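Here's the structure we're looking at; comments come further down.
Quick caveat: nothing in here was measured; it's all calculated off a predicted structure. First the proteins, then the strands, lettered A, B, ... as listed; each starts at 1.
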Amino acid sequence: MHERYEPRTVETDAQKFWESQHSFRVTEDASRPKFYCLSMFPYPSGKLHMGHVRNYTIGDVLTRHHRMRGMNVLQPMGWDAFGLPAENAAMANKVPPAKWTRDNIAYMKQQLKGLGFALDWERELTTCNPDYYKWNQWLFTRLFRKGIAYKKTGVVNWDPVDQTVLANEQVIEGRGWRTGAPVEKREIPMYFLRITQYAEELLGALDGMEGWPEQVKLMQKNWIGRSEGVRIGFPYELNGEKKTLWVFTTRADTLMGATFCAVAAEHPIAIAAAKTNPALAAFVEECKQGTVLEAELAQLEKKGMPTGTFCTHPISGEEIPVWVGNYVLMTYGEGAVMGVPAHDERDFAFALKYDLEIAQVIDVKSFALDKWQGGYTDYGNCINSGKYDGLEFQASVDAIAADLKAKNLGEKQVQWRLRDWGISRQRYWGCPIPIVHCAACGDVPVPDDQLPVVLPENLVPDGTGNPLAKLPAFYETNCPSCGKPAKRETDTMDTFVDSSWYFARYACPDQSNAMLDERARYWMAVDQYIGGIEHAILHLLYSRFFTRAMRDEGLLPGVAEPFTRLLTQGMVLAETYYTDANGRREWINPADVDLTRDARGKILTAKSKDGKDVVFDGIGTMSKSRNNGVDPQQLIEKYGADTARFFIIFASPPTSTLEWSDEGVDGSFRFLKRLWNYASVYAGKTAESTGDSKAIRHEIHAVLKQANYDLQKHQFNTVASACMKILNSIEKIRGRNAASEEGMSILLRLLSPITPHVCHALWRQLGFGDNVMTAPWPEPEPAALEQDEIDYVVQVGGKTRGNVKVPKSADQNTAGAMAAEAVKKYIDGKAIRKTIIVPGRLINIV
RNA sequence: GCCGGAAUGGCGGAAUUGGUAGACGCAGCGGACUCAAAAUCCGCCGCCUUUAAAAGCGUGUGGGUUCGAGUCCCACUUCCGGCACCA
């Protein structure tokens, strides 16, 4: 046995062993409980980043732990291979996205293999391969025929110079990233998936999902956003035609205080008024500038302009003005709201600004017309509301809804915040949408025998629109229905489509006759899903929707939820720095910044390697766009995969955000070295000290008990600590005896999911067996946990004043008396009011 | 702006349901070994007063509940994630 710990040799040997044994290959096995453990697949951006190492180490710890508990564990891996960065790289390097992507996959796969993850590589899948995306297309055509997929217009960011659609990420401070031109909103036809049809089910099912964090369920609940209210009609006349302006409100009790209505710039009233009113036309035009980003829209200064149109209040019959408001969203409800300045903060500010009437109709306290106060939105009884005066919230809503219904101007309604999912992307590197546009037959889905619609792989985009739209060889085709010349759709699908069902395909990646087969029925649902908290809404919600859509296609009978248990990993953050080059930010990797700090750790100066001053721009998620990713490869090369794995597990609990710093990694490396040294130096010797073996056994088994509890809670950082504590205990023995032997056996098994290579080597070399992966999971022995005396903390009036050892057999009175004796000097001369005894823990004398 | 989180020594973090705050590490300080250094091993290590013994303070801020609060409640501050075309 080598005296020195040499990670490279140890890791290569272990990996060769696993490969030769096909240790991670799994098949369906009815005799054992199955456990499908899945980490979110990576986008092949170039090389692994720390977030990947963290994610996949957590997944591997879970996988290896469950294997040792006797379960049939599937842990696969694949590539989320379509997406925008490949097109950006293609433009920068003049290399087709396909080549860039596949090169990245090859490199990252080697990195993953080097980290020793227990992955079944025979199931690897890549979303940009036709044998995968064929089934995107196949399912799309099914959903299209059912009406779940449909066409309507959607709003996109438009770069007027490059004549191209921009992703939100490509809009920097309202301007196109390449051209610097102010971005405009533009409406274009797109395909949508009717996720709203599943809104009720997606919301209702959350309650029963006990394996999901409350936090994520709450976010999804709020995102779906069910609200109960009243749909209210305000009749108006436009060009002599009688129409009704429909609004939705959750506060119908305030209807008598509605003094105006506001519509979105895209609303028919606004468009009609703009035709005859140049000032209004300019305002409508202004509203079209800027991005579609909701975060920015919500923080815009609220502006408006009267349309000149008036509508009739459905109860009072008064004429109230209709305004255009830049804060009214066409995408929510019907693009119009009623304005109740007295009881809505936004309406109040709007009314003050434009001198609109403010009419209090709820008896909230101390109402003042000139100043908004928090209580104005409180519920209360109606006042100044005619026949509704004195009614409380629910009664007034009921009465108003009934009256509106009688007039055919409203009814109670349930409204959802969730919108249908627009999946069309005017981009090259994605899955082609399988539709042919025929002048005679309309939008015709591509028939099964013509699938997949293959994406040509040799194109290089140039930033001025989708290259597919410039390639007649791609878009010129014949109508599958009538055979006449027709045009193929050139938009591709949102990459979220690819990732909304990949988890099911891992069960049967080689199946060429169907999207899924009976193997998917065996493995689904995923028992444990692991991935970043940033996916809490979109990816996870889309996957829940897709799983139901697949269920309703008969592909996954009885499966509604894709992920039984969810572990949301905290993000790995890093500091960000930039240099300012002629107003354009150049992002500098934190590894290339030299810092000086003051005694409190505050940054004094920051310089790049070439001596330029660098601006610190806070801490944020590691990303390509801010060049603050930390490459784990250097860490792995210097210390080995086991140290990298141990350190990232040890550094913080899986769900916490982690500000990356590799200070402290030495400690993890030292621990593995100490473990190795102990095994090589002392393992051959008989013990020097055997006297306190009983106490040491107690320590080890108590730590093991706690570690098993922590594993259940997924608190892996303290499991790593536990391993260190066990080694500390064993080291006191300084040699080999029954206690150290047992301790080592426990330690190597407990540690093996975290650092599998070194544990594999030591398990064999110390003669415990051939393969630690097949050893049973260690459990504490009750006898070793027994103690004769209990250590009580003694408090006087809640302050800790001492300790007392009480025999296990002693009753409460004896224990109390012993405690009082132990802290005598603190209670001398004072009356004892009562004594609180927490069995096994603490005695408080008051 | 809206939704969801987080805040504990110089640093990462621990504290199972309200019960000894700081486990386990990092950094630092002192020592052993060494010609020396590295590596390794041993000890100390929240703040403050103090020669010491001992006392007081202490879990982002301000209140509250309790015999007892890092943990529960109310109000705030700062930071992080998401906001539908980054993935």
| message | Could you tell me how far A14(B) sits from G22(B) if I compare only their C1' atoms? Round to whole Å. | response | 7 Å

| request: Nearest whole angstrom, please: distance from the P of C42(B) to the CG of Asn728(A). | output: 9 Å

| message | Using a heavy-atom cut-off of 4.0 Å across all strands, would you classify Val171(A) as base, sugar-phosphate, or nothing? | response | nothing

| query | Would you call Lys725(A) and Glu699(A) a salt bridge, using N to O less than 4.0 angstrom? | reply | no

| message | From the set A87(B), G68(B), U16(B), return the single nucleotide nearest to any side-chain atom of Asn844(A). | response | G68(B)

| said: What is the distance, to the nearest angstrom, from the CH2 atom on Trp416(A) to the P atom on C3(B)? | reply: 19 Å

| field | For G9(B), glycosidic torsion class - syn if within 90° of 0, otherwise anti | value | syn

| Nearest to side-chain heavy atoms of Arg419(A), which nucleotide of G13(B), C83(B), A84(B) | A84(B)

| request: Starting at atom CG of Asn157(A), determine the distance to atom P of C86(B), rounded to an integer number of angstrom. | output: 9 Å

| When the C1' atoms of G18(B) and G12(B) are considered, how many whole Å apart are they? | 26 Å

| Pairwise C1' distance, G60(B) and A6(B) [rounded to whole Å] | 11 Å

| request: Over 60° means perpendicular and under 30° means parallel, so classify the ring planes of Tyr133(A) and Phe82(A), tilted if in between. | output: tilted

| Watson-Crick or G-U wobble partner of G58(B), both distances under 3.5 Å | none

| message | Does anything in residues 644-663 of chain A form a side-chain hydrogen bond (donor to acceptor under 3.5 Å, both in side chains)? List the pairs, not counting sequence neighbours. | response | Arg54(A)-Ser652(A), Asp60(A)-Arg645(A)

| said: Give me the distance, rounded to whole Å, that separates G81(B) from C86(B) when you measure between the C1' atoms they each carry. | reply: 14 Å

| If you check every side-chain atom of Leu84(A), which of C83(B), C86(B), G81(B) has the closest atom? | C86(B)

| query | If we take the P atom in both A21(B) and A55(B), what is their distance in whole Å? | reply | 14 Å

| field | Complement of G28(B), any strand, by Watson-Crick or G-U distances under 3.5 angstrom | value | C44(B)

| task | Sticking with atom C1', work out how far U61(B) lies from A7(B), rounded to a whole angstrom. | result | 11 Å

| query | Which is true for Gly532(A) with a 4.0 Å heavy-atom rule: it touches a base, it touches only sugar-phosphate, or it touches nothing? | reply | nothing

| Do the charged groups of Arg425(A) and Asp491(A) touch, with an N to O distance under 4.0 Å? | no

| query | A39(B) and C45(B): how far apart are their C1' atoms, nearest whole angstrom? | reply | 23 Å

| field | Rounded P spacing from G9(B) to G62(B) in Å | value | 15 Å

| message | Using the ring-ring contact (aromatic ring centres under 6.0 Å, His included) definition, which of the options Tyr639(A), Trp676(A), Phe650(A) pairs with Phe669(A)? | response | Tyr639(A)

| In Watson-Crick or G-U wobble terms, both distances under 3.5 Å, what is the partner of G4(B)? | C80(B)

| remark: Picking from C80(B), A87(B), G5(B), the nucleotide nearest the side-chain atoms of Thr657(A) would be C80(B)

| query | Quick one: does NZ or CZ of Arg417(A) land under 6.0 Å from the six-membered ring centre of Trp223(A), within 45 degrees of the ring axis? | reply | yes

| Residue Asn222(A), side-chain atoms from C-beta onward, closest of G4(B), C85(B), U16(B) | G4(B)

| message | Counting the atoms with a prime plus P, OP1 and OP2 as sugar-phosphate, which does Glu296(A) contact under 4.0 Å by heavy atoms, base, sugar-phosphate, or nothing? | response | nothing

